[in-house]
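Following: one structure in structure tokens, then a few remarks.
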Amino acid sequence: MRSRHQLATPLIIAALLTAPVAFGACAAHRVYDPYYSDYHRWNGTEDGYYRQWEGETRRTHVAFNRRASDEQHAYFDWRHRR
């Protein structure tokens with residue numbers, strides 16, 4: 001018969017491995033918009049708008065934080081008109 005320690009170890013390991021995925025999938029970070037002095041919660045919805053903006057303006061996909069500040073400004077202008 002297995003001891004309690006032998007049974008608990010796999011459960012603890014599984015919990016430790018899945019916790020970051022479970023909590024990270026729900027988390028959305030906020031991006032500050034210095035042009036309108038507000039924050040945008042960067043989640044699936046905002047990412048969808050961002051990708052729509054990329055398509056409408058014929059830009060290739062680049063992570064928002066890697067865009068030049070003038071392009072970020074253009075996105076925020078577009079976003080606030082929505």
Side-chain angles (χ1 to χ4, degrees):
M1 188 160 123
R2 291 181 140 187
S3 70
R4 287 184 188 179
H5 179 70
Q6 289 174 321
L7 291 174
T9 301
L11 294 175
I12 292 170
I13 291 171
L16 290 173
L17 292 174
T18 59
V21 173
F23 292 111
C26 298
H29 62 280
R30 296 183 331 159
V31 176
Y32 182 67
D33 175 355
Y35 313 105
Y36 291 89
S37 301
D38 64 354
Y39 287 90
H40 294 256
R41 183 176 301 272
W42 209 270
N43 54 20
T45 301
E46 192 68 37
D47 188 63
Y49 281 119
Y50 176 63
R51 289 174 186 266
Q52 180 182 347
W53 170 78
E54 287 178 322
E56 287 181 11
T57 59
R58 293 185 164 83
R59 288 175 166 87
T60 58
H61 177 68
V62 175
F64 181 78
N65 62 346
R66 297 198 181 269
R67 288 236 176 248
S69 61
D70 61 324
E71 290 186 319
Q72 289 180 356
H73 190 177
Y75 169 71
F76 284 133
D77 281 343
W78 178 89
R79 183 68 176 93
H80 280 273
R81 288 192 307 266
R82 296 272 168 218

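Reckoned from all heavy atoms, side chains included, excluding hydrogens, waters and symmetry mates.
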### Message
Checking Thr45 now: which residues fulfil side-chain hydrogen bond (donor to acceptor under 3.5 Å, both in side chains) with it, not counting sequence neighbours?
### Response
none
### Message
Using ring centroids (six-membered ring only for Trp), state whether Phe76 and Phe64 fall under 6.0 Å.
### Response
yes
### Results of ring-ring contact (aromatic ring centres under 6.0 Å, His included) for Tyr49 - residues two or more places apart only
none
## Note on the structure
To the nearest 0.5 Å, atom OG1 of Thr57 lies from atom CD of Gln52 at 10.0 Å
### Query
Would you call Tyr39 and His29 a side-chain contact if the rule is heavy atoms closer than 4.5 Å?
no
### Residues which pass side-chain contact (heavy atoms from CB on, under 4.5 Å) with Arg67, listed by chain and number, not counting sequence neighbours
Tyr50, Trp53, Glu54, Arg59, Val62, Glu71, Gln72
#### Entry: side-chain contact (heavy atoms from CB on, under 4.5 Å) against Asp38, all qualifying residues, sequence neighbours excluded
Asp33, Tyr36, His40, His80
### Task
Using the test salt bridge (Lys or Arg N to Asp or Glu O under 4.0 Å), find all partners of Asp77 that sit at least two apart in sequence or belong to another chain.
none
### Message
Among residues at least two apart in sequence or on other chains, which ones pass side-chain hydrogen bond (donor to acceptor under 3.5 Å, both in side chains) with Arg82?
### Response
Glu56
#### Entry: Flag side-chain contact, heavy atom, 4.5 Å: Arg79 against Glu46
yes
